[in-house]
A.B. asks: 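Here it is, the structure, as structure tokens.
Just so it is clear, the model here is predicted, and its values are computed rather than measured.
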Amino acid sequence: MPSISYDSLSFFHDGARAGVRRFPIVGAALDPALVDPALWADRLAELRHAGFNTVVARIPWSLHEAIPDRVEFSGALDVRRFVVAAGAAGLKVVLRIGPCVGGTFAAGGVPAWIGQFAADRMREANPGFMQRVARFWRRLAQETADLQATRNGGAAERPIVAIGLEDHWHSLDADVGAAYFGELVRFVREFGFEVPLISANNCWYMHEGVVDTWCRPSDAPAERMDEMRQVQPDAPAMAILAWDEGAAALASRVMARSEFVLAVAGGRHRGATSAR
């Protein structure tokens with residue numbers, strides 16, 4: 001059976017018949033929910049032509065389930081269509097499914113209505129919160145789990161190679177983190193996601209079996225990547241690079257031989273979508 005895994009150098013795909021193939025992630029973050037679906041194919045083709053091999057797509061829970069129990073996967077929220085289009089463009093896909101996916105969405109994409117189920121205990125192993133996360137992820141898995149590269153076997157390769165959990169999750173209580181991330185990992189595996197898991201927490205909290213990434217500006221990216229290798233010696237050093245950090249920082253990431261994701265589309269929409 002095909003598998004996606006990683007070591008200290010990069011990710012790799014064991015395709016059984018084709019053997020093991022390495023693929024360092026050179027990714028671009030493109031949020032399908034913020035781009036007209038009529039432009040998806042052109043935008044994805046542009047990314048592939050520019051030399052990227054992976055597109056990283058955030059799945060904002062707050063847009064897909066704006067009203068409790070009414071989950072939407074149509075139009076700009078048609079995640080399956082986007083993933084298929086990315087594969088057709090020759091790109092691999094990383095889905096960042098949250099629950100928090102990042103600051104260009106209000107509350108990081110966590111729905112405003114969640115408080116009525118979770119009170120003040122959001123983004124931790126509160127049963128009320130986790131039950132709502134599980135309901136949304138189960139529907140998302142029904143749309144996308146069969147598009148994982150681990151399900152290859154037909155003529156076309158399936159593009160999903162990793163799933164992203166959480167964004168900038170900070171706590172000084174390791175027990176809270178262990179309980180919360182333990183539940184996230186349990187649910188994501190139970191719902192059929194088999195590919196590697198990543199997070200974007202700047203090493204504030206790292207969970208076994210989840211590759212953390214560095215996603216803060218740095219004047220010394222090579223040093224940051226060396227630090228990432230020290231704290232995660234069995235995983236590739238990964239960074240999410242903001243568009244406004246510029247070409248010099250991007251070149252430094254390449255020289256540091258890290259996996260990296262360049263936030264291409266998110267920055268264009270930050271002013272329109274951000275909210276405290």
A.B. asks: Out of W214, Y6, F11, which one pairs with M238 under the side chain to side chain contact (heavy atoms under 4.5 Å, CB included) rule?
C.D. replies: F11
A.B. asks: On a heavy-atom basis, which atom in P196 and which in V161 lie closest, and how many Å separate them?
C.D. replies: CD-O, 3.3 Å
A.B. asks: Partners of N202 by side chain to side chain donor-acceptor pair (under 3.5 Å), sequence neighbours excluded?
C.D. replies: H168
A.B. asks: Could you pull out all residues at least two apart from A125 that satisfy side-chain contact (heavy atoms from CB on, under 4.5 Å)?
C.D. replies: A179, E183
A.B. asks: To the nearest 0.5 Å, how far apart are CD1 in I160 and CD in Q148?
C.D. replies: 6.0 Å
A.B. asks: Check side chain to side chain donor-acceptor pair (under 3.5 Å) between E72 and all other residues, then give those that pass, not counting sequence neighbours.
C.D. replies: S74
A.B. asks: How close do S8 and P233 get, counting heavy atoms only, and between which atoms?
C.D. replies: CB-O, 3.2 Å
A.B. asks: Under a 4.5 Å side-chain heavy-atom rule over Ile, Leu, Val, Met, Phe, Trp and Tyr, are I240 and V231 clustered together?
C.D. replies: no
A.B. asks: Can you tell me which residue among R158, R151, R189 is in a salt bridge (charged side-chain N to carboxylate O under 4.0 Å, His left out) with E194?
C.D. replies: R151
A.B. asks: With sequence neighbours excluded, what pairs up with D69 under the salt bridge (Lys or Arg N to Asp or Glu O under 4.0 Å) test?
C.D. replies: R132, R135
A.B. asks: Are the side chain of W137 and the backbone of G98 linked by a donor-acceptor contact shorter than 3.5 Å?
C.D. replies: no
A.B. asks: Give the minimum heavy-atom separation between V93 and A86, together with the two atoms involved.
C.D. replies: CG2-CB, 3.5 Å
A.B. asks: Taking D14 for the side chain and P2 for the main chain, is one N or O donor matched with an acceptor at less than 3.5 Å?
C.D. replies: no
A.B. asks: As an exercise, state the distance from NE2 of H49 to CG of D42, rounded to the nearest 0.5 Å.
C.D. replies: 13.0 Å
A.B. asks: Is a side-chain N or O of D31 found less than 3.5 angstrom from the main chain of A33, in a donor-acceptor match?
C.D. replies: no
A.B. asks: State the NE2-CZ distance between H13 and F23, to the nearest 0.5 angstrom.
C.D. replies: 7.5 Å
A.B. asks: Might you confirm whether atom NE2 of H170 has over 12 heavy atoms from other residues, nucleotides or ligands at distances under 6.0 Å?
C.D. replies: yes
A.B. asks: Minimum heavy-atom separation for A134 to F191, with atom names?
C.D. replies: O-CE1, 3.4 Å
A.B. asks: Between I25 and V94, what is the shortest heavy-atom contact and its length?
C.D. replies: CD1-CG2, 4.4 Å
A.B. asks: Applying side chain to side chain contact (heavy atoms under 4.5 Å, CB included), run through W40 and F82 and close with a yes or a no.
C.D. replies: CA-CA 7 Å; W40 284 353; F82 180 82; 3.7 Å; yes
A.B. asks: Rounded to the nearest 0.5 Å, how far does CZ of F187 lie from CD of Q131?
C.D. replies: 7.5 Å
A.B. asks: Tell me whether the count of non-hydrogen atoms from other residues, nucleotides or ligands lying under 6.0 Å of CG in L172 goes above 12.
C.D. replies: no
A.B. asks: Let me confirm one number: the CD1-CG distance from I163 to L95, rounded to the nearest 0.5 Å.
C.D. replies: 4.5 Å
A.B. asks: Strictly distance-based, threshold 3.5 Å: is any side-chain N or O of S199 a donor or acceptor partner for the main-chain N or O of N201?
C.D. replies: no
A.B. asks: Look at the side-chain heavy atoms of Ile, Leu, Val, Met, Phe, Trp and Tyr, link any pair under 4.5 Å apart, and say whether L47 and L39 land in one connected group.
C.D. replies: yes
A.B. asks: Is the distance from the ring center of F73 to that of H64 below 6.0 Å?
C.D. replies: yes
A.B. asks: Quick one: do I59 and L140 satisfy side chain to side chain contact (heavy atoms under 4.5 Å, CB included)? Show the steps, please.
C.D. replies: CA-CA 9 Å; I59 311 302; L140 179 62; 4.3 Å; yes
A.B. asks: I'd like to know if the side chain of R80 reaches the main chain of E143, judged simply by a donor and an acceptor atom lying under 3.5 Å from each other, with no hydrogens or angles considered.
C.D. replies: yes
A.B. asks: Could you go through S10 and R22, starting from their C-alpha distance and side-chain angles, then the distance that decides it, and tell me whether this counts as side-chain hydrogen bond (donor to acceptor under 3.5 Å, both in side chains)?
C.D. replies: CA-CA 7 Å; S10 69; R22 289 190 177 275; 3.0 Å; yes
A.B. asks: Take F136 and I97 through the test side chain to side chain contact (heavy atoms under 4.5 Å, CB included) and record every step on the way to the result.
C.D. replies: CA-CA 10 Å; F136 174 57; I97 67 174; 5.9 Å; no
A.B. asks: Who passes side chain to side chain donor-acceptor pair (under 3.5 Å) against H207, sequence neighbours left out?
C.D. replies: Y205
A.B. asks: Taking everything shown except E208 itself, do over 12 heavy atoms lie less than 6.0 Å from its CD?
C.D. replies: no
A.B. asks: Do R48 side-chain atoms and G90 backbone N/O form a donor-acceptor pair below 3.5 Å?
C.D. replies: yes
A.B. asks: Does the W169 side chain pair with the main chain of R123, one donor and one acceptor, at a distance under 3.5 Å?
C.D. replies: yes
A.B. asks: side-chain contact (heavy atoms from CB on, under 4.5 Å) with Q232: which residues, sequence neighbours excluded?
C.D. replies: M206, V211, D212, M228, A235
A.B. asks: Any donor-acceptor pair under 3.5 Å linking the side chain of R96 with the backbone of A57?
C.D. replies: no
A.B. asks: Grab the two heavy atoms, one from A200 and one from T213, that are nearest each other, plus how far apart they are.
C.D. replies: CA-OG1, 3.3 Å
A.B. asks: How many angstroms lie between atom CZ of F12 and atom OG of S3, to the nearest 0.5 angstrom?
C.D. replies: 7.0 Å
A.B. asks: As a quick check of understanding, evaluate side chain to side chain contact (heavy atoms under 4.5 Å, CB included) for W61 and I114, giving each step before the final call.
C.D. replies: CA-CA 11 Å; W61 181 13; I114 194 65; 3.7 Å; yes
